[in-house]
Amino acid sequence: MNTIKTMAMALTLCSAAFCTPFSDACSRVLYKGIDDLFVVGRSLDWKTPIPTNLYVYPAGMEKVGSDKPGAVKWTSKYGAVYAVGYDGGITEGMNEKGLVVNGLFCKGTVYNNPDTEGRPPMSLAVFVAWMLDLNATTDEVVEVLKKHEFSIGGSTFDGGTVSTLHWGITDASGKSAIVEFNNGVINVYDMGDYRAMTNDPNWPQMTAILDYWDKIGGMHMLPGTVSSPDRCTRANYFAHHVEAVADPALAVSITRSILVASCVPYTYEIKGEPNVSSTQWRSYADLKNRRYYFDIVTNMGYYFVDLTKCNLAPGAPVMKLDTTKETLLIGEANPSLRKSDPFTPMY
């Protein structure tokens, strides 16, 4: 590549990064171990605390996508663990087949257009559940999404904030996809060998940034700010250069260390940037062993729900882990799950 082209690409990438500074930050990374061991780690970053509890739902539950007339309806095929913010909306989760779906902020998201507005309503509060309840693989989710037989929307939160999201999807085989809404059109991207995602810009622009830094190499220089492209670059680089292991506990620890290096420190602020968001919690989904780890940054340690030990059969009760009451919990959290009513979606 000649000097002019190199400078042009650098300016383009710097412009993309500058247009999305210090926004509502979240990070997601895929760790690839040995013997089909995959761990998906993500951080939830926000400017104010988002109370998040864990719910385990069995299979066989009848659900509805919205309280509006004609909403999407389904009966769950698989049990799952959900991370539920404000006890009203599912941020992410993992089902019993080892499929994980994580929602991250993406400011450029526009869910609908005139063609989609008449379709059956689907609320963001349960969109993740709909994907996890009915599908075992990334390909199955993609096939359903491409039909686009719904109109998505949802209530605001935290004083009127609109949940403009995109989603990372990974199954037990490690196959990953990113789903973005662009003016009502669903775009699905195969992640290939990319191993991280964050927020803005959209995925095609982000991969251009990742490719640029890949050519530079990260041994001597990596971008170090809390901007979305910089965090994604760091996570992607480290995910490719850590050791691949077969030990599940060590794999989660490695994933945790990668994610911490790409998070925004708790309480960190930038003067004049009121929307800078520090990490509230992190999660790590061991897709092979069906363990979902939860890591609140103000807690002493982190813990996990083992889905293989949960009763996920039709007719089993909903179980809940109230994270506000388990601040000292470390290790397996199944004994701390309690029977619960289903959460009430914030449609």
Side-chain angles (χ1 to χ4, degrees), residues 26-29 31 37-46 48-58 79-96 98-103 128-129 132 245 247-267 277-312 316-344:
C26 296
S27 302
R28 183 183 193 266
V29 63
Y31 172 80
L37 177 60
F38 299 96
V39 179
V40 174
R42 73 82 51 87
S43 68
L44 188 287
D45 303 357
W46 191 243
T48 57
I50 297 181
T52 303
N53 292 316
L54 305 185
Y55 283 81
V56 176
Y57 273 50
V81 56
Y82 310 133
V84 183
Y86 301 106
D87 264 356
I90 300 174
T91 303
E92 64 172 30
M94 179 176 68
N95 71 15
E96 62 182 292
L99 178 72
V100 63
V101 179
N102 313 91
V128 168
L132 291 173
V245 301
D247 180 350
L250 180 56
V252 170
S253 295
I254 294 171
T255 306
R256 188 178 187 228
S257 67
I258 296 170
L259 199 56
V260 168
S262 304
C263 287
V264 181
Y266 192 58
T267 75
S277 299
S278 62
T279 297
Q280 307 289 327
W281 53 259
R282 292 176 282 262
S283 69
Y284 319 99
D286 176 349
L287 308 187
K288 180 178 182 178
N289 297 289
R290 312 301 198 258
R291 288 182 170 184
Y292 178 81
Y293 294 75
F294 206 61
D295 181 9
I296 298 176
V297 298
T298 54
N299 282 7
M300 295 294 289
Y302 63 109
Y303 44 83
F304 64 89
V305 172
D306 188 336
L307 279 182
T308 67
K309 296 181 180 180
C310 294
N311 184 358
L312 303 177
V318 172
M319 306 295 286
K320 176 181 178 180
L321 193 155
D322 188 333
T323 62
T324 65
K325 298 178 180 178
E326 300 291 349
T327 58
L328 300 180
L329 184 60
I330 298 174
E332 185 179 328
N334 288 52
S336 296
L337 292 167
R338 300 288 181 264
K339 291 182 181 180
S340 171
D341 293 330
F343 74 91
T344 302

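Here, residue 1 is the first one in the sequence, and each next residue gets the next number.
- Pairing each heavy atom of C26 with each of R42, the nearest pair is SG-NH2, 3.8 Å.
- The shortest non-hydrogen separation linking A316 to P58 is O-CG, 3.1 Å.
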Could you walk me through whether I90 and L132 pass side-chain contact (heavy atoms from CB on, under 4.5 Å), step by step? CA-CA 11 Å; I90 300 174; L132 291 173; 5.8 Å; no

Would you sort out whether T52 and L44 count as a side-chain contact (heavy atoms from CB on, under 4.5 Å), showing the intermediate values? CA-CA 10 Å; T52 303; L44 188 287; 5.6 Å; no

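- Considering only heavy atoms from C-beta on, R28 comes within 4.5 Å of V100 through its side chain.
- Applying the side chain to side chain contact (heavy atoms under 4.5 Å, CB included) criterion to K325, with sequence neighbours excluded, gives D322.
- A search for ring pair (Phe, Tyr, Trp, His ring centres under 6.0 Å) contacts involving Y86 returns F157, not counting sequence neighbours.
- Side-chain contact between M319 and R338 is absent, with no heavy atoms from C-beta onward closer than 4.5 Å.
- With sequence neighbours excluded, the residues forming a side-chain hydrogen bond (donor to acceptor under 3.5 Å, both in side chains) with T323 are N53, listed by chain and number.
- The distance from atom CG of N334 to atom OH of Y303, rounded to the nearest 0.5 Å, is 12.5 Å.
- Rounded to the nearest 0.5 angstrom, Y31 OH and L259 CG are separated by 14.5 Å.
- Here the CZ atom belonging to F343 is positioned 10.5 Å from the OG atom belonging to S340, to the nearest 0.5 angstrom.
- Formation of a donor-acceptor pair under 3.5 Å by the R290 side chain with backbone atoms of E96 is found in this model.
- Between L321 and L329, some side-chain heavy-atom pair lies under the 4.5 Å cut-off.
- For the pair L37/D286, a side-chain contact is recorded, criterion being any heavy-atom separation below 4.5 Å from C-beta on.
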Test side-chain contact (heavy atoms from CB on, under 4.5 Å) on T308 and N289 and set out the steps. CA-CA 8 Å; T308 67; N289 297 289; over 6 Å; no

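- The list of salt bridge (charged side-chain N to carboxylate O under 4.0 Å, His left out) pairs with a residue in residues 294-312, not counting sequence neighbours, reads R256-D295, R282-D295, R291-D306, K309-E332.
- Residues meeting the side chain to side chain contact (heavy atoms under 4.5 Å, CB included) test with P49, sequence neighbours left out: Q280.
- Remark: of the listed residues V81, L54, N299, V305, L54 is the sole one forming a side chain to side chain contact (heavy atoms under 4.5 Å, CB included) with F294.
- Here the closest heavy-atom approach between residue L312 and residue A80 is recorded as CD2-N, 4.4 Å.
- Taking CG of N95 as the reference point, atom CG of L287 lies at 10.0 Å (rounded to 0.5 Å).
- In this structure, CG in L337 is found 11.5 Å from NZ in K320, a value given to the nearest 0.5 Å.
- A donor-acceptor pair under 3.5 Å is formed between the side chain of S27 and the backbone N or O of S262.
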For D87 and Y55: C-alpha separation, side-chain torsions, deciding distance, then whether side-chain contact (heavy atoms from CB on, under 4.5 Å) applies. CA-CA 9 Å; D87 264 356; Y55 283 81; 3.0 Å; yes

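- The two residues Y284 and G41 have their closest heavy-atom pair at CD2-CA, 4.0 Å.
- With sequence neighbours left out, the side-chain hydrogen bond (donor to acceptor under 3.5 Å, both in side chains) criterion links T255 to no other residue.
- Taking each heavy atom of P342 and V318 in turn, the nearest pair found is CG-CG2, 4.1 Å.
- Below 30°, between 30° and 60°, or above 60°: for F304 and Y293 the angle between ring planes is between 30° and 60°, a tilted geometry.
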